[in-house]
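Predicted model, so just to flag it, every value in this text is computed and none were measured. All heavy atoms count here, side chains included; hydrogens, waters and symmetry mates do not. Chain naming here is simple, since letters A, B, ... match the order of the sequence lines and numbering starts at 1 in each.
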Amino acid sequence: MSEKTIKIQLPDGSVREVALGTTPYDIAMSISPRLAAAVVVARVRPLTPMAAAGTVAEGEEETSEAAMYAGPQAGSAAGERLVDLAAPLTEDIALELLKETDEAALKVVRHSAAHVMATAILELFPETKLGHGPATDQGFFYDVYRETPFSEADLAAIEQKMAEVVARDEKFVREEEPREKGLTDYSAQGEFMKVHFIEKFTKPGDEISLYRNGGFVDFCRGPHVPSTGRVKAFKVTSVAGAYWLGDEKNQQLQRVYGTAFYNAKDMEAHFKRLEEIKARDHRVLGKQLDLFSIQEVAGAGLIFWHPKGGLIRKTMEDWMRDECIRRGYEMVFTPHIMRRELWKISGHEGFYSQNMYPPMELDDAEYRLKPMNCPGHILIYKNSPKSYRDLPQRYAELGNVYRYERSGTMHGLLRVRGFTQDDAHIFCTPEQIEGEIAACVEFADEVLKAFGFAEFKVELSTWDPNDKKSYVGDERHWETAVSSLKKVLDAKGIPYREIPGEAAFYGPKIDIKLVDVLGRLWQLSTVQFDFNLPQRFELEYTGEDGEKHRPVMVHRALFGSVERFFGVLIEHYAGAFPMWLAPVQVGLVPISEKHLEYARSVKAKLEAQGLRVELDERNEKMNAKIREFTLKKVPFVLVMGDKEAATEAVSVRTRGKGDEGSVAMTEFIARAVGLVESRGVLL
RNA sequence: GCCGAUGUAGCUCAGCUGGUAGAGCAACUGAUUCGUAAUCAGUAGGUCAGCGGUUCAAAUCCGCUCAUCGGCUCCA
């Protein structure tokens, strides 16, 4: 047996023949000891497909929970996976040694950091029971159960203890043992969560894998870094509640968050980035730039738009209305409260009431605040008989809706209780449906581009056939609807991800998530198919054949919620809005009081061109005025003194660029007006 | 809704183990009249989130409520 060899193919294409059982570490060492010291983990891909199948099948789970539990695993169709450096190689493989610069391997470091943290927690608080501790995009966490919650001081103590565990440089050793032994041992220790995971992710007769470092052992699929000393930069960041198995009916665990990096410098950069994100937080900027507020006396999740925010909103809404009209929509308005009877007919009473405010008694009946605009639009459609010649009917409304959100869920403008949907409902014949949906998707694309977003991701949400009671309509309806949505996306060549169980109760939908400058994803636009409401309201049109037919209906919102879109916009631009959206486009700074008169004349001229101008008439030094306009992120600041007054000129200071010197008024006006009209992002 | 933290002047924050509030900026008044990110001086401004309790005495300790923040869950 010891004669037996295997082939190892390295990334440069070279192939080495080594003894069976050679480890990636051995190979790294044979290349160079320095490489061996820098390598974190190995990526292997079996060279023969047969072997690949065998390797991947081992312990490979497809559920996301399993993936999360088991930690980082690059499971791909090619059978690629990450293994410990100490893992004996048993077949012909392509081997890649991942060094401390590799992004994928960072997850391994973080997963190992989670083990280090668990080690520290158990040493300090032995009564703690362990859940799971995966790596995340930002770092890692470990879910644990303990009667008393961890305090700030506890977190600091945990971090300190982790430093000790790292200093001990304990080897991560993979061990395997019979599943039954694992179950018995963990049961004896009262580790109910570990018992659950073993039962869920392994089958009777399986060997389970454990990772040991020093006195700490954890059921885990791995892989890990060679030793705890390889977790070089880490921090325990916070603790929060998390439900066991994500179900709020279960007990609450403590999720201890941390992060880890290859080195202190990377970690510093990470926290610096977090600070930058915080600096562009729409809640912070909303206050700084005086855009909006949320008032405790008025209630949570309710937005007050201040004049400057209001102006941006007006600009957004005007643009949207004009675009709708240009595309054959008609603007309508519907009431905010409507009789309960209507919500019974629409099905909201049954399927949506947990999100609706309770009914209010009026003299004649009970009324409810609207959570959606659709029933109102339907009543308009239904108000007069329709012929196929009238279709499609496209009703659009910037409709204020109110939805009950649980108290802990609100978040600035992004999650509120009262918001405005740029909502539209399209009533059309079955033949028209695909064209209408395609037009909606195109429109959505245009909206995102107009506001400066270049990238987006598409999701197709369908129903969960195993949970039919959460949806209306029969199987046949759902299938046709889903297939027509798919057809549109495929025809446009738009890549999408299908998510079963995410549909609205009345039909499947296409959700468009935009990607902002920081690469974050935001759910905004949605195009939804509805075959429920036309039926419930018995909508009809007269066909070419003189018979009555049922129209189909499309719901669509492109901003989604004006509030949320605005919030995302603030963060996207970090408050530095492009010219066409900026609430104040030009700030005027007279150098001294004697230039006030000229400044006023400049203001009048600019305003005559439709520009939004603010003149600082205070008795302040010009530097102070410039500073304030700069902090308010005003695109242009015009400074004027004797020189400018004498020549009908202005000295231009551009946001992000600085002093650009004097130009003639006419020249500046052309530039400013041009920028507004082109809706350019750059100044 | 759940777990944890927080709530002091318009804003950002200080106020140790209980002895009845303080700074900077902003505002207002006055002086200054200035060439590209903060001129100087003075004045005014606070139910210490709200309600209740302990105490001779509460911003400070306790309870409840509201709101905010970080998560969980849920969602546009």
Side-chain angles (χ1 to χ4, degrees), chain A residues 141 143 146 148-152 154-155 237-257 278 281 283-284 287-288 290 293-302 352 354-355 371-372 401 403-423 502 504 509 511-513 522-526 528 555 557-565 567-568 589-596 618-632 637-644 651-654 657-662:
Chain A
F141 64 77
D143 277 351
R146 178 172 179 255
T148 33
F150 291 122
S151 64
E152 289 286 317
D154 292 339
L155 296 189
T237 51
S238 63
V239 59
Y243 298 107
W244 168 230
L245 299 178
D247 188 335
E248 63 184 325
K249 288 195 244 358
N250 289 338
Q251 61 199 300
Q252 200 149 37
L253 310 174
Q254 294 190 66
R255 178 165 292 181
V256 187
Y257 284 91
K278 208 181 154 198
D281 186 314
R283 293 165 301 183
V284 174
K287 199 178 267 184
Q288 263 168 30
D290 198 15
S293 63
I294 297 167
Q295 313 266 348
E296 188 175 336
V297 271
L302 303 169
Y352 207 72
Q354 72 281 8
N355 294 306
M372 293 190 195
V401 297
R403 297 183 185 173
Y404 172 73
E405 294 289 349
R406 298 203 289 176
S407 63
T409 61
M410 262 79 74
H411 181 94
L413 291 171
L414 304 181
R415 188 74 184 275
V416 295
R417 282 180 173 159
F419 59 101
T420 310
Q421 285 184 305
D422 64 314
D423 208 358
E502 285 296 309
K509 57 178 181 171
D511 283 333
I512 298 172
K513 302 201 169 183
W522 303 94
Q523 156 75 69
L524 296 159
S525 310
T526 179
Q528 315 187 345
H555 303 239
L558 304 180
F559 287 148
S561 136
V562 176
E563 284 74 6
R564 178 177 284 185
F565 196 88
V568 173
V589 176
I591 288 177
S592 81
E593 214 165 279
K594 58 181 190 244
H595 309 112
L596 249 181
R618 290 173 316 158
N619 179 8
E620 268 296 348
K621 291 190 79 158
M622 64 172 259
N623 277 337
K625 298 181 184 181
I626 290 173
R627 179 180 150 82
E628 280 181 39
F629 281 127
T630 307
L631 290 175
K632 294 288 178 194
V637 176
L638 304 184
V639 177
M640 50 209 81
D642 290 338
K643 208 168 79 188
E644 285 74 20
S651 178
V652 181
R653 195 174 211 283
T654 306
K657 292 181 184 161
D659 186 5
E660 295 187 332
S662 283

- Where do Val416(A) and Gly301(A) come nearest, in terms of heavy atoms and distance? CB-O, 3.3 Å

- Would you indicate what Glu620(A) reaches in the nucleic acid, counting non-hydrogen atoms under 4.0 angstrom: base, sugar-phosphate, or nothing? base

- In whole angstrom, what separates Ile626(A)'s CD1 from rG35(B)'s C1'? 8 Å

- Task: Write down the distance between NZ (Lys287(A)) and P (rC11(B)), rounded to a whole number of angstrom.
- Result: 6 Å

- Item | Whole-Å C1' distance, rA14(B) and rU60(B) | 14 Å

- Query: With a cut-off of 6.0 Å (strictly less than), are more than 12 heavy atoms of other residues, nucleotides or ligands near CD of Glu152(A)?
  - Reply: no

- For rA23(B), the nucleotide meeting Watson-Crick or G-U wobble distances (both under 3.5 Å) is rU12(B)

- Message: What's Ala300(A) touching, base or sugar-phosphate or nothing? Going by heavy atoms closer than 4.0 Å.
- Response: sugar-phosphate

- Counterpart base for rG35(B), defined by Watson-Crick or G-U wobble contacts under 3.5 Å: none

- Message: In this structure, how many angstroms lie between the P atom of rA38(B) and the CZ atom of Arg627(A), rounded?
- Response: 7 Å

- Query: Rounding to a whole Å, what distance do you find between Lys625(A):NZ and rU39(B):C1'?
  - Reply: 13 Å

- Message: Without decimals, in angstroms, what is the distance between Leu302(A) CG and rC66(B) P?
- Response: 15 Å

- Taking only the side-chain nitrogens and oxygens of Arg618(A), find out if one of them lies under 4.0 Å from OP1 or OP2 of rC28(B). no

- 5' precedence on RNA chain B between His595(A) and Phe150(A) (nearest-nucleotide basis): Phe150(A)

- Item | Side-chain donor/acceptor of Arg255(A) to backbone N/O of Ala240(A), under 3.5 Å | no

- Leu414(A): which of Arg564(A), Glu563(A), Gln523(A) passes side-chain contact (heavy atoms from CB on, under 4.5 Å): Arg564(A)

- Query: rC25(B) C1' sits how many Å from Leu631(A) CG, rounded?
  - Reply: 11 Å

- Query: Quick one: side chain to side chain contact (heavy atoms under 4.5 Å, CB included) partners of Asn623(A), sequence neighbours excluded?
  - Reply: Ile626(A)

- Task: Send over the distance from Leu155(A) CG to rA5(B) C1', rounded to a whole Å.
- Result: 11 Å

- Item | Residue Lys594(A), side-chain atoms from C-beta onward, closest of rA38(B), rU12(B), rC34(B) | rC34(B)

- Task: Kindly say whether, by distance alone, the side chain of Glu644(A) makes a donor-acceptor pair under 3.5 Å with the base of rG35(B)?
- Result: yes

- Heavy-atom closest pair, residues Leu558(A) and Asp422(A): N-OD2, 3.0 Å

- Note on the structure: On RNA chain B, more 5' by nearest nucleotide between Gly641(A) and Ala624(A) is Gly641(A)

- Item | By side chain to side chain contact (heavy atoms under 4.5 Å, CB included) - contacts of Thr654(A) (at least two apart) | Phe636(A), Val652(A), Lys657(A), Glu660(A), Arg671(A), Leu683(A)

- Any chance you could list the contact pattern along nucleotides 71-76 of chain B? Use B for base contacts, S for sugar-phosphate-only contacts and - for none, protein heavy atoms under 4.0 Å, 5' to 3'. BBBBBB

- So which nucleotide does rC66(B) pair with, by the Watson-Crick or G-U wobble rule with both distances under 3.5 Å? rG7(B)

- Message: I need the single residue from Arg417(A), His411(A), Arg415(A) that forms a side-chain hydrogen bond (donor to acceptor under 3.5 Å, both in side chains) with Glu405(A). Which is it?
- Response: Arg415(A)

- Item | Whole-Å distance separating the CZ atom of Arg283(A) from the C1' atom of rU6(B) | 14 Å

- Query: Is Asp659(A) touching bases, backbone alone, or none of the nucleic acid, heavy atoms closer than 4.0 Å?
  - Reply: base

